[in-house]
Asks: 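One structure, pasted below without further comment.
Owing to the predicted nature of the structure, the values given are computational and were not obtained by experimental measurement.
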Amino acid sequence: MANYQETWVFPCNVKFFDFFKHFNDNRTVIWKRRGAVHNGDIVYIYVGAPYKEIRFKCHVVNESVDEATVEKNQYAIPKNATGNEHYLELELDKTFESNTFPLADLKEHDLGQVQIPARASRRLKAFLERGED
């Protein structure tokens, strides 16, 4: 396996899917793929309102999930899906305590919009890695 090690921030909306409950019972999650995300990449999950912070760190274990797996995980399919979507599988590495990575601190370290998955800047990546210690 190639060691890509790109770092991403993926937003999630707890109104649509309860990641806290999901990760209490599961180590992996199926996610709609956007961008050039590859096996081995790191994904921090930013949880939107009312939390407004990064709460989970995962890594990509499968950059191309088959249709049968997606169908078994209906939560991954958005209501406006066209049928042309691609999905990946993330494995949970760590859950962060509240206020470890709040939005204000993330923005001070180059986090831009949190509405779509985005590659982390070097500055943001360094901040996230320091905050894990």
Side-chain angles (χ1 to χ4, degrees):
M1 172 177 94
N3 189 12
Y4 295 97
Q5 289 298 307
E6 288 284 347
T7 299
W8 298 83
V9 176
F10 284 13
C12 81
N13 185 334
V14 292
K15 291 179 186 175
F16 298 115
F17 185 69
D18 187 344
F19 281 86
F20 294 96
K21 182 177 183 327
H22 181 84
F23 281 138
N24 279 336
D25 302 328
N26 302 279
R27 299 290 305 158
T28 63
V29 64
I30 305 303
W31 202 291
K32 186 176 176 183
R33 182 176 178 184
R34 290 187 178 166
V37 182
H38 298 286
N39 290 341
D41 285 358
I42 301 300
V43 175
Y44 289 91
I45 299 178
Y46 173 85
V47 183
Y51 302 96
K52 297 182 181 178
E53 61 188 344
I54 287 177
R55 291 297 299 271
F56 307 103
K57 178 184 178 184
C58 301
H59 67 279
V60 179
V61 292
N62 185 352
E63 66 188 64
S64 184
V65 174
D66 62 71
E67 196 63 37
T69 302
V70 173
E71 287 297 323
K72 288 181 199 170
N73 295 278
Q74 283 288 318
Y75 65 81
I77 304 172
K79 291 181 181 169
N80 59 351
T82 64
N84 296 324
E85 288 82 9
H86 298 281
Y87 296 86
L88 50 84
E89 182 176 14
L90 304 175
E91 184 173 321
L92 179 66
D93 293 328
K94 191 170 196 174
T95 299
F96 300 108
E97 294 294 322
S98 183
N99 290 317
T100 302
F101 297 117
L103 181 58
D105 291 352
L106 295 167
K107 287 196 171 283
E108 285 180 21
H109 291 88
D110 292 345
L111 180 69
Q113 293 294 324
V114 289
Q115 297 173 345
I116 60 170
R119 221 179 243 120
S121 68
R122 285 187 195 147
R123 185 170 181 231
L124 179 58
K125 181 180 176 182
F127 171 69
L128 294 169
E129 289 171 349
R130 278 193 314 267
E132 290 186 50
D133 298 333

Asks: Using 0.5 Å steps for rounding, measure from the CG atom of L124 to the OG1 atom of T7.
Replies: 8.5 Å
Asks: Under 3.5 Å, side-chain donor or acceptor atoms of residues 11-22 against the rest of the protein: list the pairs with distances, not counting sequence neighbours.
Replies:
| from | atom 1 | to | atom 2 | distance (Å) |
| --- | --- | --- | --- | --- |
| N13 | OD1 | K15 | N | 2.8 |
| D18 | OD1 | F20 | N | 3.1 |
| D18 | OD1 | K21 | N | 3.0 |
| H22 | ND1 | N26 | ND2 | 3.4 |
| H22 | NE2 | T28 | O | 2.8 |

Asks: Evaluate the ring planes of Y44 and F96, with Trp represented by its six-membered ring, and classify them as parallel (under 30°), tilted (30 to 60°) or perpendicular (over 60°).
Replies: parallel
Asks: Walk me through it: do I45 and W31 pass the test side-chain contact (heavy atoms from CB on, under 4.5 Å)?
Replies: CA-CA 11 Å; I45 299 178; W31 202 291; 3.6 Å; yes
Asks: Can E89 and T69 be said to form a side-chain contact (heavy atoms from CB on, under 4.5 Å), step by step?
Replies: CA-CA 10 Å; E89 182 176 14; T69 302; 5.7 Å; no
Asks: To check you understand the geometry: which heavy-atom pair defines the closest contact between L128 and F101, and what is its length?
Replies: O-CZ, 3.4 Å
Asks: Give, for atom CG of L106 and atom CG of L111, the distance between the pair rounded to the nearest 0.5 Å.
Replies: 5.5 Å
Asks: Does S64 offer a backbone N or O that forms a donor-acceptor pair with the side chain of R33 under 3.5 Å?
Replies: no
Asks: How close do L90 and L88 get, counting heavy atoms only, and between which atoms?
Replies: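 Nearest heavy atoms, L90 then L88: CD2-CD1, 3.4 Å.
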Asks: Once rounded to the nearest 0.5 Å, what's the spacing between atom CD1 of I54 and atom OH of Y46?
Replies: 9.0 Å
Asks: Quick one: which residue pairs count as a salt bridge (charged side-chain N to carboxylate O under 4.0 Å, His left out) with a foot in residues 50-59, not counting sequence neighbours?
Replies: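 Matches after skipping sequence neighbours: E53-R55, K57-E132.
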Asks: Strictly distance-based, threshold 3.5 Å: is any side-chain N or O of R27 a donor or acceptor partner for the main-chain N or O of E91?
Replies: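 No; judged by distance alone, with no hydrogens or angles, the pair does not exist.
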Asks: To the nearest 0.5 Å, tell me how far C58 SG sits from F10 CZ.
Replies: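 Nearest 0.5 Å value for the SG-CZ distance: 9.5 Å.
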Asks: Under the salt bridge (charged side-chain N to carboxylate O under 4.0 Å, His left out) definition, can you give me all pairs with a residue in residues 116-128, not counting sequence neighbours?
Replies: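 Listed by first then second residue: E6-R119, D110-R123.
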